[in-house]
Amino acid sequence: QLQLVESGGGLVQPGGSRRLSCTPSGFTLDYLVIGWFRQAPGKEREGVACISSSGGSTNYADSVKGRFTISRDHAKNTVYLQMDSLKPEDTAVYFCAASLQRSSWYSCRRADFGPWGQGTQVTVSS
């Protein structure tokens with residue numbers, strides 16, 4: 001099962017930065033598309049950023065373009081989400097998930113990814 005574990009969340013002041021990590025439970029991420037998603041209270045889970053298996057292609061939600069960067073380190077078997085210029089509206093539980101569909105990084109749709117873990121809470125507040 002393609003279970004991933006998220007880490008790195010916490011409390012951040014507006015304008016601050018945070019880096020989230022996504023690691024697998026006993027398998028390689030090399031051939032998988034990986035996506036970061038988030039869910040705020042009372043809202044649906046939405047795609048934030050997705051990256052192709054090679055790392056050469058990425059896609060971002062309009063709300064985070066220019067502020068967030070998704071990357072992957074094959075040697076460390078980890079995918080990251082660097083979040084800069086954070087805003088209160090970025091507050092949410094952040095999830096990472098895998099997809100076996102090679103083109104899924106382009107649409108970055110929740111339905112193409114899974115399974116889902118516990119996520120990591122990011123709170124942006126002064």
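Because the structure is a prediction, the values reported are computed rather than measured.
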[X]: side chain to side chain contact (heavy atoms under 4.5 Å, CB included) partners, not counting sequence neighbours:
{"X": "S104", "value": "V33, S99, Q101, D112, F113"}
{"X": "V93", "value": "F95, Q121"}
{"X": "E46", "value": "R38"}
{"X": "Q13", "value": "none"}

Nearest non-hydrogen partners of [X] and [Y], listed with the distance:
{"X": "A40", "Y": "A92", "answer": "N-CB, 3.8 Å"}
{"X": "G10", "Y": "R18", "answer": "CA-NH2, 3.7 Å"}
{"X": "S21", "Y": "T78", "answer": "CB-CG2, 4.1 Å"}
{"X": "D73", "Y": "Y80", "answer": "CB-CE1, 3.9 Å"}
{"X": "R72", "Y": "S54", "answer": "CD-C, 4.3 Å"}
{"X": "P14", "Y": "S125", "answer": "CD-C, 3.6 Å"}

Next on the checklist: Strictly by ring pair (Phe, Tyr, Trp, His ring centres under 6.0 Å), give each pair with a member in residues 17-36 just once, sequence neighbours left out.
Outcome noted: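 For residues 17-36, and leaving out neighbouring residues, there are no ring pair (Phe, Tyr, Trp, His ring centres under 6.0 Å) pairs at all.
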My understanding is that only residues two or more places apart in sequence, or in another chain, count here; which of them pass side chain to side chain donor-acceptor pair (under 3.5 Å) with [X]?
{"X": "R45", "result": "Q39"}
{"X": "D30", "result": "T28, H74"}
{"X": "R67", "result": "D90"}
{"X": "S17", "result": "D84"}

Nearest-0.5 Å distance, [atom1] of residue [X] to [atom2] of residue [Y]:
{"X": "L20", "Y": "Q82", "atom1": "CG", "atom2": "CD", "answer": "8.5 Å"}
{"X": "L81", "Y": "E6", "atom1": "CG", "atom2": "CD", "answer": "11.0 Å"}
{"X": "I34", "Y": "L29", "atom1": "CD1", "atom2": "CG", "answer": "4.5 Å"}
{"X": "W105", "Y": "S57", "atom1": "CH2", "atom2": "OG", "answer": "4.0 Å"}
{"X": "K65", "Y": "T58", "atom1": "NZ", "atom2": "OG1", "answer": "9.5 Å"}

Within a strict 4.5 Å, meaning less than it, do heavy atoms of the [X] and [Y] side chains meet?
{"X": "I70", "Y": "V79", "result": "yes"}
{"X": "Y60", "Y": "V48", "result": "no"}
{"X": "T123", "Y": "V12", "result": "no"}
{"X": "W116", "Y": "R110", "result": "yes"}

Can you list the steps and then say if L2 with L32 is a side-chain contact (heavy atoms from CB on, under 4.5 Å)?
-> CA-CA 9 Å; L2 303 177; L32 299 171; 4.1 Å; yes
| Transitive ILVMFWY side-chain link L86 to V64, under 4.5 Å |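 Same cluster.
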Exercise for the section: Determine, using the 4.5 Å side-chain heavy-atom cutoff (strictly less than), whether I51 and M83 are members of one ILVMFWY cluster. Expected result: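 Yes; tracing contacts between hydrophobic side chains, which count when under 4.5 Å, links both residues.
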Partners passing salt bridge (charged side-chain N to carboxylate O under 4.0 Å, His left out) against K43 (at least two apart in sequence or in another chain):
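K43 satisfies salt bridge (charged side-chain N to carboxylate O under 4.0 Å, His left out) with no residue once adjacent residues are dropped.
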Is it true that a side-chain atom of [X] and a backbone atom of [Y] form a donor plus acceptor pair closer than 3.5 Å?
{"X": "T120", "Y": "G9", "result": "yes"}
{"X": "Y106", "Y": "S52", "result": "no"}
{"X": "T91", "Y": "E89", "result": "no"}

Restricting to pairs with a member in residues 30-84, which pass disulfide bond (SG atoms under 2.5 Å apart), not counting sequence neighbours?
->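 Applying disulfide bond (SG atoms under 2.5 Å apart) to every pair that reaches into residues 30-84, excluding sequence neighbours, yields C50-C108.
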Any disulfide bond (SG atoms under 2.5 Å apart) pairs touching residues 8-43, not counting sequence neighbours?
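Counting only pairs at least two positions apart or across chains, the disulfide bond (SG atoms under 2.5 Å apart) contacts touching residues 8-43 are C22-C96.
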request  = Give the ring-plane orientation class for Y94 versus F68, where under 30° counts as parallel, over 60° as perpendicular and anything between as tilted.
outcome  =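 The arrangement is tilted - the two ring planes meet at 30° to 60°.
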